[in-house]
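The structure appears below as structure tokens.
Each ligand, and each atom within it, is numbered from 1 in the order the structure gives.
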Amino acid sequence: MKKFSILIAGGGSTFTPGIVLMLLDNLDKFPIRKLKLYDIDKERQDIIAGACEVILREKAPEIEFLATTDPEEAFTDVDFVMAHIRVGKYAMRELDEKIPLKYCVVGQETCGPGGIAYGMRSIGGVLELIDYMEKYSPNAWMLNYSNPAAIVAEATRRLRPHSKVLNICDMPVGIEERMARILGLKSRKEMTVRYYGLNHFGWWTDIRDKEGNDLMPKLKEHVAKYGYVVNDSGDNQHVDASWQDTFLKARDVYALDPDTLPNTYLKYYLFPDEVVANSNPNYTRANEVMDGREKFVFTECKKIIEKQSTEGSALHIDEHASYIVDLARAIAYNTHERMLLIVENKGAISNFDPTAMVEIPCIVGSNGPEPLSIGEIPQFQKGLMEQQVSVEKLVVEAWITKSYQKLWQAITLSKTVPSAKVAKQILDDLIEANKGYWPELH
Ligand code: NAD
Ligand code: G6P
Ligand code: MN
């Protein structure tokens, strides 16, 4: 069996140790000969890398391991780049969330003005990774889950249309795991789903077991009462109280269209007033993550480095991230796995912009994804999606042409923003906060 060389870009990410543990747990399915970490922040990455080195020494000493900030060293001799960078790190996420909240607008990592600001930072960072990959390992594939995935995907469509980049999100995976629990199934893989939308903006229309039995009625019964709240979710990423609120809120999002089951992120667009009312403008999700996951992961890594052993470590396998292995395997072994990916519509949703980047089921093989046909979507979803996809396209247009006007239009068009006046106030604050990260707008 061929063994693969993997590069994790954004090596200093809080998700890196969980993903490395997951990769080691899946070596029988996806053998690895070399594992490298790449980041632009050496100090941050060194802590994660120091712990990963010990983990590998204990669990798989045969795998060559390296952490670097040098692009040539990182991207040379690589089969897959797993990219999860956060340009501006949590310090900028905090501002993305807090600036809109000052104006009583949703402050969120990927939705509304915060997501737009993050998009303006991410585009350049992700394009740089693609260019390094193509320079040093032209046959490699990038599996990208750097956010905001919708805007990043549109930017890759516009600016790197021929690059081997697959954009994927873990939210449907996480929700489907909950659905499997609701149904009493062992795994989400026992379900075949139909789903459509944009990233962080979609709906399930059909869910069946392998015999073809319709599972939607039982799921709807649960979601109508409890949203996606389940007793034992098996998900160790979305565990904080704020995530529980989001899973419960899916009940109200579902009520608006009981023909489908919603992605949790729709709450930011459909109940923005409530989201703002329940937000603390001085302590947002970025603060929760910095005080929670970031502290936890870095403290545990430092302990491992100090002891030179993982004994007693509380770091856990991010098993739900195994969708990344499924994707890499689909490319490497031509498995034709059916997965939700963010791809160009090209008629899959027949009554929707063919150039939109949509999240839909695809059959993935060694040539990449083949999207399934969705057909026509209803007026409600179509209207929402047309507005949101226009926001995403305008952001990318603004980045390319360095246009203040387009970005003002993008923020104004977001369903989370009440007026052009508020949009301008937020934009002007965001420009100030993002100096050095955004192109200079004129
Ligand atoms: P993090 O801040 O802990 O890690 C991100 C790392 O990226 C940092 O170490 C930072 O130094 C590095 N980085 C920033 N700019 C870079 C660049 N230009 N080149 C190389 N490295 C760079 O963030 P996190 O919370 O662990 O999340 C990482 C990313 O994964 C984020 O974009 C997050 O939104 C995304 N994410 C996506 C999904 C999904 O469903 N698609 C799921 C989870 C996380
Ligand atoms: C989900 C989404 C990701 C997002 C993450 C945020 O997994 O799919 O795109 O980055 O949630 O989680 P956090 O714990 O950082 O708020
Ligand atoms: Mn996501």
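Using a 4.0 Å cut-off between charged side-chain N and carboxylate O, Asp326 and Lys189 make a salt bridge. Salt bridge Lys89/Glu94: absent, no basic N to carboxylate O contact under 4.0 Å. Using a 4.0 Å cut-off between charged nitrogen and carboxylate oxygen, Asp429 and Lys102 count as a salt-bridge pair. Under 4.0 Å is where a charged nitrogen must lie from a carboxylate oxygen, and between Asp25 and Lys59 no such pair does. Classification of Arg285 and Asp240 as a salt-bridged pair holds, one side-chain N sitting under 4.0 Å from a carboxylate O. Salt-bridge annotation for Asp79 and Arg33: present, with a side-chain N of the basic residue lying under 4.0 Å from a carboxylate O of the acidic one. A salt bridge links Arg158 with Glu397: the distance from a Lys NZ or Arg NE/NH1/NH2 to an Asp or Glu carboxylate oxygen falls below 4.0 Å. Under the 4.0 Å criterion applied to side-chain N and carboxylate O atoms, Arg121 and Asp96 are assigned as salt-bridge partners.
Those atoms of ligand 2 with a heavy atom of Cys169 less than 4.0 angstrom away are 8 (O). Proximity to Tyr38 (heavy-atom distance under 4.0 Å) selects the following atoms of ligand 1: 20 (C). Ligand 1 places these atoms under 4.0 Å from at least one heavy atom of Ile168: 41 (N). Listed by number with element, the atoms of ligand 1 under 4.0 Å from a non-hydrogen atom of Ser146 are 32 (O). Atoms of ligand 2 found under 4.0 Å from any heavy atom of Asp170 (numbered from 1 in listed order, with element): 1 (C), 2 (C), 3 (C), 7 (O), 8 (O). Counting atoms of ligand 1 from 1 in the listed order, those under 4.0 Å from a heavy atom of Lys89 are 10 (C), 11 (O). Atoms of ligand 1 found under 4.0 Å from any heavy atom of Arg293 (numbered from 1 in listed order, with element): 25 (O).
Among all protein heavy atoms, the one lying closest to atom 12 (O) of ligand 2 is Trp243 CZ2, 3.7 Å. Protein heavy atom at the shortest distance from atom 3 (O) of ligand 1 is Arg44 NH2, 2.7 Å. The protein non-hydrogen atom at the shortest distance from atom 30 (O) of ligand 1 is His84 CB, 3.5 Å. Among all protein heavy atoms, the one lying closest to atom 24 (P) of ligand 1 is Tyr90 OH, 3.2 Å.
Annotation: the span from Glu359 atom CD to Tyr195 atom OH amounts to 5.0 Å, rounded to 0.5 Å.
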Next item on the list: Given side chain to side chain donor-acceptor pair (under 3.5 Å), test His200 with Thr264 step by step and report yes or no.
Entry: CA-CA 8 Å; His200 290 186; Thr264 42; over 6 Å; no

Note to self: For Lys302 and Glu306: C-alpha separation, side-chain torsions, deciding distance, then whether salt bridge (Lys or Arg N to Asp or Glu O under 4.0 Å) applies.
What the structure shows: CA-CA 6 Å; Lys302 284 178 192 158; Glu306 211 175 273; over 6 Å; no

Next item on the list: Kindly determine whether Lys249 and Glu274 satisfy salt bridge (Lys or Arg N to Asp or Glu O under 4.0 Å), including the steps that lead there.
Entry: CA-CA 10 Å; Lys249 191 67 190 166; Glu274 278 182 42; 2.5 Å; yes

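Residue Phe201 forms a ring pair (Phe, Tyr, Trp, His ring centres under 6.0 Å) with just one option from Tyr269, Tyr196, Tyr265, and that option is Tyr269. When each of Lys295, Arg293, Glu288 is tested with Asp291 by the rule side chain to side chain contact (heavy atoms under 4.5 Å, CB included), just one qualifies, namely Lys295.
One option in Tyr145, Phe15, Tyr437, Tyr118 has a heavy atom closer to atom 35 (C) of ligand 1 than any other, and that option is Tyr145. The heavy atom nearest to atom 10 (C) of ligand 1, considering only Asp41, Asp39, Asn147, is found in Asp39. Around atom 17 (C) of ligand 1, the closest heavy atom drawn from Ile40, Leu129, Asp170 belongs to Ile40. Between the choices Arg285, His320, His238, Glu109, the shortest heavy-atom distance to atom 4 (C) of ligand 2 belongs to Glu109. The option with the heavy atom closest to atom 22 (C) of ligand 1, from among Thr14, Ile85, Asn167, is Ile85.
Within 6.0 Å of the CG atom in Asn231, the count of heavy atoms belonging to other residues, nucleotides or ligands does not exceed 12. Within a 6.0 Å radius of OH in Tyr333, other residues, nucleotides and ligands contribute more than 12 heavy atoms.
Contacts of Asn147 with ligand 2, taken as heavy-atom pairs under 4.0 Å, involve the side chain alone. Contact annotation: for Arg93 versus ligand 2, heavy atoms closer than 4.0 Å belong to the side chain alone. In Arg86, the parts holding a heavy atom less than 4.0 Å from any atom of ligand 1 are both the side chain and the backbone. Residue Tyr90 does not touch ligand 2, judged by heavy-atom distances below 4.0 Å. At a heavy-atom distance under 4.0 Å, only side-chain atoms of Arg293, from C-beta outward, approach ligand 2. With a 4.0 Å cut-off on non-hydrogen atoms, Met171 touches ligand 2 through its backbone as well as its side chain. Counting heavy atoms under 4.0 Å from ligand 1, residue Ser13 touches it through both backbone and side chain. Neither the backbone nor the side chain of Tyr145 comes within contact range of ligand 2; no heavy atom lies under 4.0 Å.
Remark: at the Mn ion (ligand 3), atom NE2 from His200 and atom SG from Cys169 enclose 100°, rounded to the nearest 10 degrees.
Remark: distances from the non-hydrogen atoms of Val289 to ligand 1 are all 4.0 Å or more. Heavy atoms of Glu109 come nearer than 4.0 angstrom to ligand 1 in at least one pair. Heavy atoms of Gln45 stay at 4.0 angstrom or farther from ligand 1.
Between Tyr136 and Phe75, the ring centre distance reaches or exceeds 6.0 Å.
Among the atoms of Tyr323, none of the N or O lies under 3.5 angstrom from an N or O of ligand 1.
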